[in-house]
Amino acid sequence: MQPELKVIGGGLAGCEAAWQAAERNIHVQLFEMRPQKMTGAHQTAWLGELVCSNSLGSKLRENGSGLLFHEMKELHSIICRVAEQSAVPAGSALAVDRHIFAETLTELIATHPNIEIIREEITTIPKAPTIIASGPLTSPALAISLANFHGKENLFFYDAIAPIITADSINMSIAVRGSRYGKGEANEGDYINCPMDQATYNHFVQQLAAAEQIHLKSFERKIEYGVDVGHAKFFEGCLPIEVMARRDPATLAYGPLRPVGLRKLFKGDAPFAIVQLRQDDLTHHSYNMVGFQTNLTYKEQKRVFKLIPGLEQAEFMRYGQMHRNTFLCAPSLINQTLQTKKDPSLFFAGQIIGVEGYLGNAASGLIAGINASRQLKGSSLLAFPRECMIGALCFYIANAGCETFQPMKANLGLLAPLQFRIRDKQERKAAMANRALRAFRNYAKMNNAYN
Ligand SMILES: Cc1cc2nc3c(=O)[nH]c(=O)nc-3n(C[C@H](O)[C@H](O)[C@H](O)COP(=O)(O)OP(=O)(O)OC[C@H]3O[C@@H](n4cnc5c(N)ncnc54)[C@H](O)[C@@H]3O)c2cc1C
């Protein structure tokens, strides 16, 4: 009899977990509640739908997500394979056509002989062996069941989505194509850049900071030292643009609107700030506003974002939105193999355990899928070393301090420190990446991780 595994959630983590197990000859039942029951952010029934940006992060090995990408590819990640197949030009970032990505992934999963997709909401934790990868928008019934199992309240923060606009509504006599430092793939550059002079920038930031946002209920607001600070608990790595604008008028000019590496594109005076738009589909029909995740009302998004030079006539295919993002206090729940401490044949993966970022979520699914398969076959489980990215990420999730636990993206700061000091930043990053890949390969080979 073929061993059986249940995977809850057909998102990035769940698909990767199901694929890894199926490739190891485990029969997988993959439960996905969409389209019968939708989340607040997903819009389709496809597996692996990307809810906001279409970028999976940097492709460069000297960057946290790029390094993770290289390690995952060596373990035959399905998410990385499909991302490469559906890539759109985006400089040194790996961005995809979101529709082709999700469609291709769904097709591959649905036709795998060892995977059975069941379109059903799971409301209580099934009997193990199971991997729970129900994501930040886990349905309320399952979220309650998880809190009961864990014995702690679920944690949460807010994540926002950036708007998408149609390509033919962008005024290309003002906006200019190009990539930072000319690093793009396409000859004319991968991004569309909308320039702002200082007066336009100041007016834009002032309007943005004062614009009306969708109101949150009082229990959703952040309390600092017993005082209601008047806004939601945001994830610092993904702040709504209006929140950044309110912090300081210069924040955006040093953040998502920084003009660095783009000045040469413009004749005459260099722009004071630049809004970048990234291609969202292979047909060049739609563009994502980079860094413009927002919780403004739709009416205000239309009014304020049209103040950006080149976007005066912008047509919005999707407006920005904000969503409550649930996660568990993973360090008290799981260990580095992503098994729960209470029940070793119950695994967790994805954003529900506080991994942040599309690729990191898929990476945790990959480890959970491999480890659940190994357990079913009676082999030892994998815990990659902290010198490599995948090991460092799992180590953080299992060992961070619970009181201050916050979702974490793949980044070089998670890796075990180098034994020696390298002053030059680029050299230091290259040394860390080289060491990471060496440690990863040694461990994978010694532990037969590829099969
Ligand atoms: C609003 C928002 C914006 C985000 N923007 C970005 C971004 O721009 N870039 C980035 O890198 N990351 C972003 N993230 C964070 C994160 O990377 C993504 O949410 C990512 O998709 C998480 O992967 P996952 O597999 O854990 O969850 P998901 O991809 O959400 O997959 C979970 C799946 O489980 C299903 N499900 C839920 N409950 C049940 C149930 N009870 N039974 C059966 N199925 C269930 C859901 O329908 C879903 O398909 C964002 C998150 C949110 C909420």
Side-chain angles (χ1 to χ4, degrees), residues 6-18 29-58 65 68 79 83 93-96 98 101-102 105-106 117-126 130-146 156-162 164 234-235 237-238 240 278 280 288-295 318 320-328 348-366 368 407-410:
K6 292 186 174 66
V7 176
I8 316 304
L12 297 170
C15 286
E16 186 69 63
Q29 289 186 317
L30 175 60
F31 291 88
E32 171 52 58
M33 67 179 184
R34 291 178 289 121
Q36 277 86 352
K37 184 157 184 173
M38 296 297 285
T39 73
H42 291 86
Q43 295 185 332
T44 72
W46 299 118
L47 304 179
E49 180 182 335
L50 302 178
V51 287
C52 175
S53 158
N54 64 329
S55 170
L56 277 73
S58 172
S65 67
L68 188 61
I79 296 293
L94 175 63
V96 300
R98 68 179 71 241
F101 173 82
L105 182 65
T106 306
I117 302 174
I118 303 170
R119 298 282 183 171
E120 185 183 313
E121 182 194 3
I122 297 296
T123 52
T124 53
I125 301 175
T130 295
I131 298 174
I132 298 190
S134 47
L137 306 164
T138 292
S139 70
L142 183 59
I144 293 170
S145 172
L146 297 183
F156 70 92
F157 66 98
Y158 280 86
D159 220 334
I161 287 177
I164 296 178
F234 295 119
F235 179 50
C238 186
R278 184 175 49 234
D280 203 69
N288 207 303
M289 298 181 71
V290 179
F292 271 67
Q293 48 281 356
T294 179
N295 186 38
R318 181 188 78 189
Q321 300 161 24
M322 203 164 75
H323 291 279
R324 189 182 155 108
N325 203 319
T326 302
F327 64 107
L328 301 158
F348 276 83
Q351 179 114 17
I352 189 75
I353 48 166
V355 183
E356 177 63 22
Y358 296 144
L359 211 58
N361 285 308
S364 65
L366 184 146
M408 183 57 76
K409 259 188 173 114

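Whatever order the structure lists them in is the order used to number ligands and atoms, beginning at 1.
Between Glu49 and Thr44 the shortest heavy-atom distance is OE1-OG1, 2.7 Å. Closest heavy-atom contact between Asn325 and Pro136: OD1-CB, 2.5 Å. Looking at every heavy atom in both residues, Leu30 comes nearest to Gly14 through CD1-O, 4.1 Å. For the pair Tyr358 and Val51, the tightest heavy-atom approach, listed with the atom from each and the gap, is OH-N, 3.7 Å. Contact between Ser55 and Ala93 at its shortest, heavy atoms only, is OG-CB, 4.0 Å.
Among protein heavy atoms, the minimum distance from atom 30 (O) of ligand 1 is reached at His42 CE1, 3.5 Å. Scanning the protein heavy atoms around atom 19 (O) of ligand 1, the nearest turns out to be Pro136 CG, 3.4 Å. Nearest protein heavy-atom contact of atom 51 (C) of ligand 1 is Asp159 OD2, 3.2 Å. In terms of protein heavy-atom proximity, atom 45 (C) of ligand 1 is nearest to Met33 CG, 3.6 Å. Here the heavy atom of the protein found nearest to atom 11 (O) of ligand 1 is Tyr358 N, 2.8 Å. Atom 35 (C) of ligand 1 has Glu32 OE1, 3.3 Å as its closest protein atom, hydrogens excluded (heavy atom only). Of the protein's non-hydrogen atoms, the one nearest atom 22 (C) of ligand 1 is Asn361 ND2, 3.4 Å. Of the protein's heavy atoms, Ser134 O, 3.2 Å lies nearest to atom 37 (C) of ligand 1.
Not a single N or O atom of Thr39, backbone or side chain, sits closer than 3.5 Å to an N or O atom of ligand 1. Between Ile161 and ligand 1, no pair of N/O atoms sits closer than 3.5 Å. Remark: ligand 1 and Leu12 share an N or O pair separated by less than 3.5 Å (distance only, no angle test). Polar contact check, Glu121 against ligand 1: no nitrogen or oxygen pair lies under 3.5 Å apart. For ligand 1, the polar-atom distance check against Ala13 finds a nitrogen or oxygen pair separated by under 3.5 Å. At a 3.5 angstrom cut-off on N or O pairs, Gln351 counts as close to ligand 1. Note: no N/O pair closer than 3.5 Å links Lys409 and ligand 1 by distance alone.
Of the options Phe157, Tyr158, Phe348, a ring pair (Phe, Tyr, Trp, His ring centres under 6.0 Å) to Phe327 is made by Phe157 and by none of the others.
With distances taken over non-hydrogen atoms, the option nearest atom 41 (N) of ligand 1 out of Thr326, Ile122, Ile132 is Ile122.
Residue-level proximity to ligand 1 for Ala349 is absent, since no heavy atom of it falls below 4.0 angstrom.
Taking every non-hydrogen atom of Thr138 and a distance limit under 4.0 Å, the qualifying atoms of ligand 1 come out as 37 (C), 38 (N). Listed by number with element, the atoms of ligand 1 under 4.0 Å from a non-hydrogen atom of Glu120 are 42 (N), 43 (C). Counting the atoms of ligand 1 from 1 in the order shown, those under 4.0 Å from a heavy atom of Arg34 are 47 (O), 49 (O). Those atoms of ligand 1 that come under 4.0 Å of a heavy atom in Gly11, given as number and element, are 25 (O), 28 (P), 29 (O), 31 (O), 33 (C). Numbered from 1 in the order shown, with element, the atoms of ligand 1 that lie under 4.0 Å from a heavy atom of Asn325 read 51 (C), 52 (C), 53 (C). Each of the atoms 26 (O) of ligand 1 lies under 4.0 Å from some heavy atom of Gly350. Near Leu142, meaning under 4.0 Å from one of its heavy atoms, ligand 1 places the atoms 41 (N).
Put simply, no part of Gln293 is less than 4.0 Å from ligand 1, judged by heavy atoms.
Of the possible donor and acceptor atoms, one in the side chain of Arg98 sits under 3.5 Å from a partner among the backbone N and O of Leu50.
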